[in-house]
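What follows is a set of notes on a single structure, which appears directly below.
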Amino acid sequence: MDAVMEMRTEKFTEDKETIRKDSAPSPSSLLGVDDFSKERISAQDADSAFENVDDYLRACRLSSKLARANLAAHFVRNAIQKKSAGSDKSLEELSISEAKSYLGSWLAELTDGKAQNGARLHEALLSIYLNDIPSRWPDVFLSNCRAPDELRKSVHKSSISSAPNLEFTSMVPEKIDMGMIHEIADSTMDILNKRPILKMLVGWILFIALMIFLFWYTRGRVL
Amino acid sequence: MSALLKASPSTSRWHTALRQFIFFSIVLFVSAGGTWIMADILWRGGISGVEICMLILFAPLFTLITFGFVQAVLGFFIMLLPRDPFLITNCLPKKPAAPEDISMTAIVAPIYNEDVTRVYEGIRSIYLSLVKSSCADKFNIFILSDSSDPNKWIEEEVAWVELCKQLNAFGKIFYRKRSVALNSKSGNISDFCRRWGAKYRYMLILDADSVMEGETIVSLARLMELNPRAGIIQSVPSPVQADTFYSRMMQFAGTLYGPIFQAGLNFWMGANGNYWGHNAIIRLAPFIEHCSLPFMPGKYGSKSMRFMSHDYVEAALMGRAGYEVWLAYDLGGSFENLPPSLIDSAKRDKRWCRGNLQHSWLLFAEGLHPINRLHLFLGIMSYFSSPLWLLFVIIGIFHFRIESYAVKSFDYDIGVSPFLDEVCGGRQSLILFIFTMTMLTLPKILAVLIQLGNRQWSASHGWRLKIWLGMIAEHLISALLAPIHMLFNTKFVMHVLMGLNVPWTAQRRDVSGVDWREAIITHAWHSVIGVALAIIAWILDRNLFYWLSPIYLGLIFSIPISIILADQRLGERLQKLGIFLTPDEIKKPETVAHLEKNMKIYESLALSGGRPQSEPGIMQVVLDPYVNAIHVALLKEKRRIPHRITENLKKLGDRLLAEGPDSLSRREQKILLMHAEAMSHIHEKIWTVPESSLAIWWQNAMKHYNSLSIKPSTPLYR
């Protein structure tokens, strides 16, 4: 049994070595960059940007991990190029901008260029959501494949209306004479509300009066 | 059409007046008889001040009991007829409604921090049922939100989009969120009327837990068309989906006893009916013109107040404007949920108590119909009778003490009135006791007798026996609960009279049970009062001790009673045994069955979905590109915001990201959520700033967002 385990371990170590020597690319080469240090960034920055953009794509419901990794690497690569071209922005910022710009252009292609500015981007995102594009067309969503006609049509058709057109009417509080009780009570409450000490005194006097009455009635009558 | 209108009882006002004369004459006769016997008992050996007080308290309390009794007995006789001749539904033609038979109707569902899934699944069931009716095009549904919780707001928005998406109901189901929740529910409905009231002829109001069959909704709209003077037609919501012991018992009682009381109620109300706030259809034009709630006298701080409990007032104003208000109790297909426990029921009563007591301002208001005044008065008395009863018990004990010590002639067998002596055989006390007990019990027995002929109750072998058992159990438990309700209501009335604030909170409608801590905190004072009452009675007299036992036993054991009644498992066990079973459980209505099925799916998804992160709505709207887009699209910001406000919003947004949602108050969160530009900016920023500059809360949220489930945790996802 031990011998078998030993053989397996040896095989695994051998495989790892083979991968390392033959095909394991460095993080920088994965992104098509010769050396991170030359581009004034660290491998940690690149990792962090990659992770961030991957999170964003996941929030966009891009479910395929492979597609996400591929796109994320693409965006970080572009971001590194911009950074090396002298951009002051952080790599994370640049990568997300790349992702949004890609999303925008992908939507623009679907909506024939309508999804250009911010407001249109919101509408297009809404269209994606309303038509369940990420789940109904997972292979097409954010890919270079040509979108099927059904998808194009549904994106054009989609809109959101939370209420019909307004038709205003006037609804004003009904004037109603509540009678004498209201006037007496209202003026009494006004006086009492303006004089909180008086209000408290009235309350206590009533309570004490009740207690005295009960005492008199029970003790006085019985004894 | 004219033939149909003739068939409608709405044209026979003299008949209504005659029925009212008969009803009130009987009530007056019976209650006067009871009060006379009581006076006779108290008068022996001369009447004292305390005895006069007792008599003054006894008269209204006894009249209230008589009122219910007479109503039930009349209802019983009406239900023996092949068809109630006083129903507004008698004018409904038998052939199904065609779209041209009804006008455009808005179905409005005002909500406030409710369970979003329950509300939306209810609306889904209603919508699907309406679609089957072939008149669906005549109805639009409006979800009118006043939710103060920002998370609920976002959840409602996303759920609305999901629901419309799933039902292809954009343009049929609408969602509106008020930025300022002025004047609570009535303000929400008024706001709808001002904006869209002119588009619709009728408005059907739903409660958050309402479910209605499409056919019932169509029938209500049709009844409105057939009765042009009808301002409001109220359907009777049957309680459904009860799970706990308490709610199942109340559901059983409502279903079993409800019909005879409603038939009796309809007998004397006729076209002067009342409105219960939901599951009712309203004619919009007169409602807009005449039913906007008047201001109440006095001010709360610097603001004028409106009536909290709007329904009775709106019915009174509709009647004042010359329109009729009807009760269509036989229509069916109208459902609601009940509070799951005694404590939840008391919380609801706390709100209703304040609302009802406010109606006292309107008792003498100009122009109201006497029957509407009576509705308002009965609403007030439903709470005010509790302190009266308590006072009656306290004075009764004092009276007993005095009479026990007093050395005077007190012959129990001889009364003052020779006539009564002759009729009662000198046993007036016993007769009055039997008389009162009969009035409390007989309506329930009559209701059972009526339902025994109804095959809808025949679920299993021995169903008749089970109905009797259920009725006896309900009667005994109600007797134990009565003094607890008395103390609760007395406290609420005192709170209102002392001007203490009663917040209008969201009602809990689920069945999460009551824990011992909550029960002890709520009922400890009941138990103390119960023990004190028992000790006093024991010291004074053993007979008094036994006579008062129905009052103090319920109070002493209020804590365990409350716990047992809130038990869901016990409720389910009783259901399996066939106790407290109702026809709607035996054969579930389609809408209710559909709702239950969907809720079960959701509950299983929610259980398997793991623990949700705090502030899920805030998290979604900030992180999720789609939810953010939905929210921004619904805000429709058009006005230009001053620079100073934009700067403040920016600061709030920065704080939200740097310190997490907890650093902002609910008000600040809402302010941010109300501005489209600010929300777009926050969403943009969270994905572009370095992770280290974000609060740990956001870092975790970003890592875990969508990793457990690819879809956001909206309840409507399947």
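Reminder, nothing fancy here: chain letters follow the sequence lines and each chain counts from 1. All heavy atoms count here, side chains included; hydrogens, waters and symmetry mates do not.
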Pick one of side chain, backbone, both or neither for A/Ser90, based on which atoms fall under 4.5 Å of a heavy atom in chain B.
side chain
Look at B/Phe142, B/Trp196, B/Trp687 and state which one has the largest set of heavy-atom pairs under 4.5 Å with chain A.
B/Trp687
Among B/Glu691, B/Lys177, B/Glu157, B/Glu684, single out the residue with the greatest number of heavy-atom pairs under 4.5 Å to chain A.
B/Glu684
Donor-acceptor contact present, side-chain A/Thr169 to main-chain B/Cys193, <3.5 Å:
yes
Any idea which heavy atoms bring A/Ala59 and B/Leu623 closest together, and the distance?
CB-O, 4.3 Å
Gap separating the CZ atom of B/Arg195 from the CG atom of A/Asn165, nearest 0.5 angstrom
13.0 Å
For A/Tyr102, look at atom OH and say whether over 12 heavy atoms of other residues, nucleotides or ligands are found less than 6.0 Å away.
yes
What closest approach, in Å, do A/Tyr56 and B/Pro625 show between heavy atoms, and which atom pair accounts for it?
CE1-CG, 4.0 Å
Drop me the distance from B/Gln699's CD to A/Asn52's CG, to the nearest 0.5 angstrom.
10.5 Å
Which atom of B/Met702 lies closest to which atom of A/Asp55, heavy atoms considered
O-CG, 3.7 Å
CG on A/Asp132 to CD on B/Gln166, rounded to 0.5 Å:
8.5 Å
What's the verdict on side chain to side chain contact (heavy atoms under 4.5 Å, CB included) for B/Arg194 and A/Leu166, showing C-alpha distance, side-chain angles and the deciding distance?
CA-CA 9 Å; B/Arg194 284 187 199 102; A/Leu166 297 168; over 6 Å; no
Neighbour count above 12 (heavy atom, 6.0 Å) for A/Leu66 CG:
no
Residue pair A/Glu174 / B/Leu317: nearest heavy atoms and the distance that separates them:
CG-CD2, 4.1 Å
A/Ile96 side, atom CD1; B/Ile686 side, atom CD1 - distance, nearest 0.5 Å
10.5 Å
Residue A/Leu206 excluded, over 12 heavy atoms near CG under 6.0 Å:
yes
Could you report the tightest heavy-atom contact between A/Lys175 and B/Arg320, atom names first, then the distance?
O-NH2, 3.6 Å
Full working for side chain to side chain contact (heavy atoms under 4.5 Å, CB included) between A/Ile176 and B/Leu362:
CA-CA 9 Å; A/Ile176 187 164; B/Leu362 284 169; 4.1 Å; yes
With only heavy atoms counted, which part of B/Leu368 is less than 4.5 Å from chain A, the side chain, the backbone, both or neither?
side chain
Do any side-chain atoms of residues 286-294 of chain B form donor-acceptor pairs under 3.5 angstrom with protein atoms, and if so which ones, sequence neighbours left out?
| residue | atom | partner | partner atom | Å |
| --- | --- | --- | --- | --- |
| B/Ser292 | OG | A/Val172 | O | 3.4 |

Spell out, as yes or no, whether a donor-acceptor pair under 3.5 Å connects the side chain of B/Lys165 to the backbone of A/Tyr129.
yes
Report the distance from atom CD1 of B/Ile143 to atom OG of A/Ser162, rounding to the nearest 0.5 Å.
10.5 Å
Any sub-3.5 Å donor-acceptor pair from B/Tyr626's side-chain atoms to A/Leu125's backbone N or O?
no
Please classify the contact of B/Tyr200 with chain A as side chain, backbone, both or neither, using a heavy-atom distance under 4.5 Å.
side chain
